[in-house]
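Here is the structure we will look at, set down as structure tokens.
Values below: every heavy atom of this structure, side chains too, minus hydrogens, waters and symmetry copies.
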Amino acid sequence: MSGTDNAWQEEQQRVEYVADRIEDNISRLEREVGSVRGDVVTMRKEFWDEVTVNFSEADDVGETSTSLRQQSQVLSEREKSHQHASAALDKMKRLKQSPYFGRIDFAEDGYPAEPIYLGIASLLEEGDEAFLIYDWRAPISNLYYDGVPGPASYETPSGKIEGKMLLKRQFVIRGREIKVMFDTGVTIGDELLQQVLSRSSDAQMKSIVATIQREQNRIIRNDKSRMLIVQGAAGSGKTSAALQRVAYLLYKHRETLQADQMILFSPNPMFNSYVSTVLPELGEENMLQTTFQEYLEHRLGREFQLEDPFVQMEYVLSSEENEGYSARISGLRYKSSSSFLDAINKYKALLERKEMKFRPLRFQGKEVIGADAISAAFYAFDPAITLANRCELLKEWLLKELAAFGKAELTEPWVEEQIQLLDTEDYQRAYQRMRKNQQKKGDHFSDYEEEKTILAKMVVSERLKPLRRWVKSLRFVDVTKLYSQLFQQPELMGELSSGELPEEWEAICSQTLSKIKQGELYYEDATPFLYLKEMILGFRSNTAIRHVIIDEAQDYSPFQLYFLKRLFPRARMTALGDLNQAIYAHASVLQQSTALTDLYGEAESELITLVQSYRSTREIVEFTRGMIYGGEAIVPFNREGEKPEVRLVGDETELHGRIQGDIQALRSDGYDMIAVICKTAAESLKAYEELSADLPVKLIKKTTLSFEKGIHIIPAYLAKGVEFDAVLIYDGSDRKYTRETERKLFYTACTRAMHLLHVYSVGEPSRFIRETDKSAYIQI
């Protein structure tokens, strides 16, 4: 028997031993979970039987309170025990499926070599402190991802441990059986990556802990940078690494960091579903997940109908011939820029001296306090006080003025009329209130005038309640007028922007004001409007969030990133993106090298660049990288496949026939995840209507919440971040993709393919294809 066979046999025996220990743990934990669950259920049923309840004397009330607290604490402890045991059981069941995936033999200086086995969670030998499996996030596990056989070291909380790595071995284990085993060197072996990447795409992203590459490990274990920026090529594993990073941070800081203190801003609701299983696979709770648009809707949705980024994208892609298009694009870019952010900051400084706008207080058609009077009171406060604090002081002043007004209204005729309309319940309330007053004074209830006064106060107070609530919510500050003022006074914006305004500023102002007048906001106006509102009324900062993950960061403007930093002042930030997929019309935050580092300072910021693309076959990467400037820097992973095919068709009837036939053939070949990627939502709907009669296709919209296996018809901008076994570009002709602004959109669509890419073209193919090396694809 060869040495390799001996090693395999020894490792297989160990797998079986570990599998037995896992089974033992599962059996023990199942009994424990069942027992504790029974205790909890019984305690909940008998809770009040164990509590002494007596409220007759003051001492008895205290005894009752103590009894309640003690019983509640006992119940809480048992519930925590149940949760802990359940979590441990879930971890064991995950280990049962695949106990571990790697081994390193490490000899610390002065000590003999020790084999270290790595899995998704730790496992201790029962009754011993020896580890059968080390968690992949443990300090020593870093050797597996970054170390090479030879001298090696790793960092621990107590300092650096130095020694020598003698072996680095990888496994694929399913249940109790080793499927693949090999020794490797510098990086995680290509053999394992080849096996993982050649599999069919899933409806949900999977954990990559067994195949984390060295450059991805730098992202995952980075615990020093306040701002970590990851610029990575399509398919380089940015999102996967970021999610493993969350799991690592939750493990390392488990005493002080919880999942609900981390938040992921994702590109769309469907993406949240796509990544929702990664952290639970690793035994961690999912962090908070949202989109930037959902946050804007939460803050501004009651005041305005907000345009979303996808409606904006549809306009940019399909309305070039519309009147005012050029002005809209110009305004969109300016409102998303650092220049507009600077102008609003200067505007705030101006408002501290003049130009604040207020709504008058009106009651029953009568002006109680005019806007000019409110403005005068506002600017009478000490100018050293911030805008937000002056608004608070103004609120208190208005409430006092309102109280005085209410007192004066008590004898008005309308009050007498309303008293006559009161029901019995209202009179009873007045009677009870008057009786209490009389008892305090030692008098008897007999005063008709006092009854009338109390009833009048009740009527006036009730009528003024909405106005008081309006004042307390600071609605008297006219933020809409303040924002509109920027577009109504050219000389004002000229002063704030130092004269650097877009050429079509007049048309931009007209479009913006027209939208606001309709109770709507363009997507590019939402963040500046909310930022101005926060500057005036006070920022609603969230100090509970400790870490913010921003996926598809290239879709964010410098203005939006600055706003998020203000929103989460205590948080560290990880921003992941690919400038080559910056498909929105506004300037990407990744285009400005200092836009991100300036947020936290260069000393606390770090940029990691990922150039290796793992998602697609080498042939697909070589084809797609030819479409973009600087694409030669992208390195394809050495996984062979078919060359992309560019299929010319004469008309749309032929197009639909060819797509239908190709999809049927792909399904027969076992492709589970197929995407027909279109340019816009309108084109997607058209394709769906043509293909749905003969194929079980799913139309993906901006409102789609879940991602499932099957045949998807999807706009290119919604496909960002996800991947498919086969991608069929619906119409990659020059009439569809020819403008320079569409280059990155076309690249994004093509890079969604893992194994196969077909581009159909009604007429001449896009110039982005024709500009690539002709040997990189097959034209049919």
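- Salt bridge R21/D24: present, at least one basic N to carboxylate O contact under 4.0 Å.
- Ion pairing between a basic and an acidic side chain is recognised when a charged N comes within 4.0 Å of a carboxylate O; E606 and R218 show such pairing.
- Between R221 and D223 there is no salt bridge, since none of the side-chain N atoms of the basic residue sits less than 4.0 Å from a carboxylate O of the acidic one.
- Taken to the nearest 0.5 Å, the CD1 atom of I711 stands 10.5 Å off from the CG atom of D672.
- Listed for the S225 side chain is no donor-acceptor partner under 3.5 Å among the backbone atoms of L228.
- In this structure, the side chains of T290 and L288 stay at 4.5 Å or more apart for every pair of heavy atoms.
- Going from atom CZ of F101 over to atom CH2 of W136 covers 8.0 Å, rounded to the nearest 0.5 Å.
- Ion pair E11/R169 flagged as a salt bridge, since at least one NZ, NE, NH1 or NH2 atom sits closer than 4.0 Å to an Asp/Glu carboxylate oxygen.
- Aromatic ring centroids of F131 and Y134 lie under 6.0 Å apart.
- Sparse packing is recorded around NZ of K164, with 12 or fewer heavy atoms of other residues, nucleotides or ligands lying under 6.0 Å away.
- Residues H712 and F707 bring their aromatic ring centres within 6.0 Å.
- A cation-pi arrangement is present between K565 and Y600, with the terminal nitrogen or guanidinium carbon under 6.0 Å from the aromatic centre and inside a 45° cone about the axis.
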Legend entry - side-chain hydrogen bond (donor to acceptor under 3.5 Å, both in side chains) evaluation trace for D578 with Q554: CA-CA 6 Å; D578 177 13; Q554 75 280 351; over 6 Å; no

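- Using a cutoff of 4.0 Å between basic side-chain nitrogens and carboxylate oxygens, R176 and E16 are not scored as salt-bridged.
- Between E23 and K96, at least one side-chain N (NZ, or NE/NH1/NH2) sits under 4.0 Å from a carboxylate O, which counts as a salt bridge.
- A salt bridge links K720 with E552: the closest approach of a Lys/Arg side-chain nitrogen to an acidic carboxylate oxygen falls below 4.0 angstrom.
- Using a cut-off of 4.0 Å between Lys/Arg side-chain N and Asp/Glu carboxylate O, R14 and E10 are scored as not salt-bridged.
- Checked for salt-bridge contact, R618 and E640 meet the test: a charged N lies under 4.0 Å from a carboxylate O.
- The closest donor-acceptor contact from the side chain of E604 to the backbone of M227 lies at 3.5 Å or more, if one exists at all.
- For the pair I550 and V548, the minimum side-chain heavy-atom distance is below 4.5 Å.
- A salt bridge links E284 to R137: one of the charged nitrogens lies within less than 4.0 Å of a carboxylate oxygen.
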